[in-house]
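Within every chain, numbering begins at 1; the chains are lettered A, B, ... in the order of the sequence lines, protein sequences first and strands thereafter.
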Protein chains: 2
Amino acid sequence: MKVKKSIAPMGRPRAFDVDEALDRALQVFWRKGYQGTSLSDLTRAMGINRPSLYAAFGDKQSLFRKVLDRYADGPAAYVREALNKPTARAVVERLLGGAIDLLSDPRTPQGCLTVQGALSCGEAIDAVRQELNTRRAAGEAAIRERFERAKAEGDLPKDANPGDLARYVATVMHGLSVQAAGGASRAELRRIARTALRAWPQ
Amino acid sequence: MKVKKSIAPMGRPRAFDVDEALDRALQVFWRKGYQGTSLSDLTRAMGINRPSLYAAFGDKQSLFRKVLDRYADGPAAYVREALNKPTARAVVERLLGGAIDLLSDPRTPQGCLTVQGALSCGEAIDAVRQELNTRRAAGEAAIRERFERAKAEGDLPKDANPGDLARYVATVMHGLSVQAAGGASRAELRRIARTALRAWPQ
DNA sequence: TAAATTTTGTACCACTCGGTACGAATCTAA
DNA sequence: TTAGATTCGTACCGAGTGGTACAAAATTTA
């Protein structure tokens with residue numbers, strides 16, 4: 001299925017698929033968090049040995065960053081999709097609904113990788129925590145900008161505060177992640193979202 | 001300052017104060033999470049050596065449980081206090097306000113011990129995660145019962161769902177914890193709470 | 001004083017952690 | 001066939017992990 005590039009690389013070829021190995025690593029980090037995942041966990045799940053991992057992905061932090069990118073483009077892609085909805089109300093409904101679908105998907109861990117991933121990190125891995133904070137902040141900023149547009153379009157009332165609303169939506173989403181990690185069912189998450197929506201303007 | 005009990009214990013007396021050592025341990029666990037805290041971190045902060053820790057508090061999990069009790073009776077005591085407020089509205093306002101005050105207190109870590117403590121735990125320490133889930137669920141149940149009483153007293157509308165409302169409040173609180181851990185200021189947390197309160201009945 | 005009891009500090013245990021050195025294996029290019 | 005390049009697997013590194021054995025020290029009871 002793969003189109004051969006003009007020249008095949010020299011040397012011994014890789015015995016594993018890079019993208020598939022990355023997906024396996026994502027599963028492990030998602031389930032166990034950054035700190036709870038050991039290199040042995042990773043190599044076992046990825047089906048490769050340690051030096052191959054280092055050669056292909058760099059050290060643990062570097063691999064985790066690549067996994068975060070893959071997460072944003074895969075399971076968490078609903079965020080970008082939600083931002084394209086026509087109205088602010090539709091955006092927030094899709095954001096909460098997408099989060100709930102993901103958090104309660106029985107095939108994946110009950111929780112959000114960026115929320116669970118590094119909340120309980122020690123100071124030693126401050127770099128990882130900062131990375132996750134940065135990414136969460138970027139997501140929140142994207143939501144705020146979308147709401148600013150909605151306000152300009154008259155889709156949100158003139159007295160609405162896009163920043164406050166974005167922060168509120170992000171907060172509810174994070175809270176949903178904690179609830180899901182604690183065992184809340186999809187139905188329960190939906191009821192929480194319905195209650196949260198009562199705070200919405202109009 | 002201490003009243004001497006009828007008989008002093010035999011053997012060599014302890015060279016440290018148990019409660020103070022527990023407070024020091026709380027600070028460490030709160031800041032670094034269960035998994036991010038090593039025994040060396042603990043003994044250094046508590047000013048005692050390893051065998052003394054084990055003799056006085058048991059192993060790491062046992063010490064963590066004692067720390068959780070101390071947390072509930074100390075920094076998180078606002079929850080019990082909030083449940084005694086006269087109206088459901090006052091209860092939820094005190095719950096959110098107390099959480100915000102705690103989360104944004106510069107003297108303590110920005111985050112909730114039970115939320116950050118074990119979200120990113122591996123399977124090996126499932127016991128700790130379960131313990132924290134159980135405690136969070138118990139807190140949520142207490143809020144629900146308080147809202148059921150409020151409904152019976154006519155303090156909440158007849159069509160209000162105490163369970164949904166309690167879950168919603170807990171979710172917002174957990175989300176606030178994540179926001180605080182990400183660096184949100186007290187003022188920002190307050191605005192989130194104000195937005196969240198718009199979902200409240202009446 | 002002497003025995004019994006408890007805590008203290010040192011020094012250690014087996015194990016796991018993240019990370020790497022190095023030679024054998026497998027490919028392309030000449 | 002040979003030389004060069006790259007990956008693979010084994011075997012290892014120092015450091016840190018949670019937890020403990022043991023003897024010296026400090027206290028109460030007899």
Side-chain angles (χ1 to χ4, degrees), chain A residues 2 4-22 24-25 28-29 32-67 117-118 120-128, chain B residues 2 4-22 25 28-29 32-67 118 120-128:
Chain A
K2 225 164 211 172
K4 224 170 201 170
K5 290 286 178 188
S6 53
I7 33 170
M10 221 180 304
R12 182 172 175 171
R14 277 219 177 84
F16 63 94
D17 184 90
V18 172
D19 285 340
E20 191 182 318
L22 214 49
R24 305 262 187 101
V28 181
F29 276 127
K32 311 185 114 183
Y34 178 81
Q35 199 167 200
T37 299
S38 72
L39 283 182
S40 298
D41 292 332
L42 290 167
T43 54
R44 196 182 315 124
M46 299 164 85
I48 66 181
N49 43 36
R50 224 170 279 220
S52 298
L53 189 155
Y54 275 80
F57 306 104
D59 66 2
K60 192 182 175 186
Q61 281 199 26
S62 172
L63 171 60
F64 187 61
R65 256 174 269 253
K66 290 178 173 63
V67 160
S120 67
C121 286
E123 296 150 333
I125 38 181
D126 248 357
V128 171
Chain B
K2 225 165 210 170
K4 223 166 199 170
K5 288 289 177 186
S6 53
I7 32 171
M10 218 182 305
R12 181 171 176 170
R14 277 221 176 82
F16 63 93
D17 184 271
V18 173
D19 285 340
E20 191 183 319
L22 215 48
V28 181
F29 276 126
K32 311 184 113 183
Y34 177 81
Q35 200 167 198
T37 299
S38 72
L39 283 183
S40 299
D41 292 332
L42 290 167
T43 53
R44 196 182 315 123
M46 299 165 85
I48 65 182
N49 42 35
R50 225 170 277 220
S52 298
L53 188 156
Y54 274 80
F57 306 104
D59 67 1
K60 192 181 174 186
Q61 281 199 27
S62 172
L63 170 60
F64 187 61
R65 256 173 267 252
K66 291 178 174 62
V67 160
S120 66
C121 288
E123 294 149 334
I125 39 181
D126 249 356
V128 171

> In chain order, what residues pass the side chain to side chain contact (heavy atoms under 4.5 Å, CB included) check against A/A45, with sequence neighbours excluded?
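Checked A/A45 against side chain to side chain contact (heavy atoms under 4.5 Å, CB included); matches are A/V28.
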> Round to the nearest Å and state the distance from A/L53 atom CG to C/dA21 atom P.
16 Å
> A/S52 side chain N/O closer than 4.0 Å to the phosphate oxygens (OP1, OP2) of D/dC8?
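A/S52 to D/dC8 OP1/OP2: side-chain N or O found under 4.0 Å.
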> Could you list all N or O pairs between the protein and nucleotides 25-27 of chain C that sit under 3.5 Å apart?
residue : atom : partner : partner atom : Å
C/dA25  : N3   : A/R12   : NH1          : 3.2
C/dT26  : O2   : A/R12   : N            : 3.4

> State which residues pass salt bridge (Lys or Arg N to Asp or Glu O under 4.0 Å) with A/R44; sequence neighbours excluded, sorted by chain then number.
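Scan of A/R44 (salt bridge (Lys or Arg N to Asp or Glu O under 4.0 Å), adjacent residues dropped) gives A/D41.
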> Restricting to side chain to side chain donor-acceptor pair (under 3.5 Å), what partner residues turn up for A/N49, sequence neighbours left out?
A/S52
> Are A/N49 and D/dG9 close enough that a side-chain N or O sits under 4.0 Å from OP1 or OP2?
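Indeed, a polar side-chain atom of A/N49 lies that close.
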> Taking CG from A/L63 and P from C/dG18, how many angstroms apart are they, rounded to a whole number?
11 Å
> Kindly write out the residues that satisfy side chain to side chain donor-acceptor pair (under 3.5 Å) with A/R50, not counting sequence neighbours, or none if the list is empty.
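Partners of A/R50 under the side chain to side chain donor-acceptor pair (under 3.5 Å) test: A/S40.
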> How does protein reach along nucleotides 17-22 of chain D, written 5' to 3' as B (base within reach of a heavy atom under 4.0 Å), S (only sugar-phosphate), or - (no contact)?
SBBBB-
> Roughly how far, to the nearest 0.5 Å, is the OG1 atom of A/T37 from the CZ atom of A/F64?
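Separation between the atoms: 8.0 Å.
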> Scan A/A15 against the nucleic acid and name what it touches under 4.0 Å (heavy atoms): base, sugar-phosphate only, or nothing.
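Here A/A15 touches the backbone only, sparing every base.
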> Tell me, please, which residues at least two apart from A/K60 pass side chain to side chain donor-acceptor pair (under 3.5 Å).
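A/K60 satisfies side chain to side chain donor-acceptor pair (under 3.5 Å) with no other residue.
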> Between atom CG of B/L39 and atom CE of B/M46, what is the distance when rounded to the nearest 0.5 Å?
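If we round to the nearest 0.5 Å, B/L39:CG and B/M46:CE are 10.0 Å apart.
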> Does the side chain of A/L63 reach to within under 4.5 Å of the side chain of A/F29, using non-hydrogen atoms?
yes
> Roughly how many Å is it from CD1 in A/I48 to C1' in D/dC8, rounded to a whole number?
11 Å
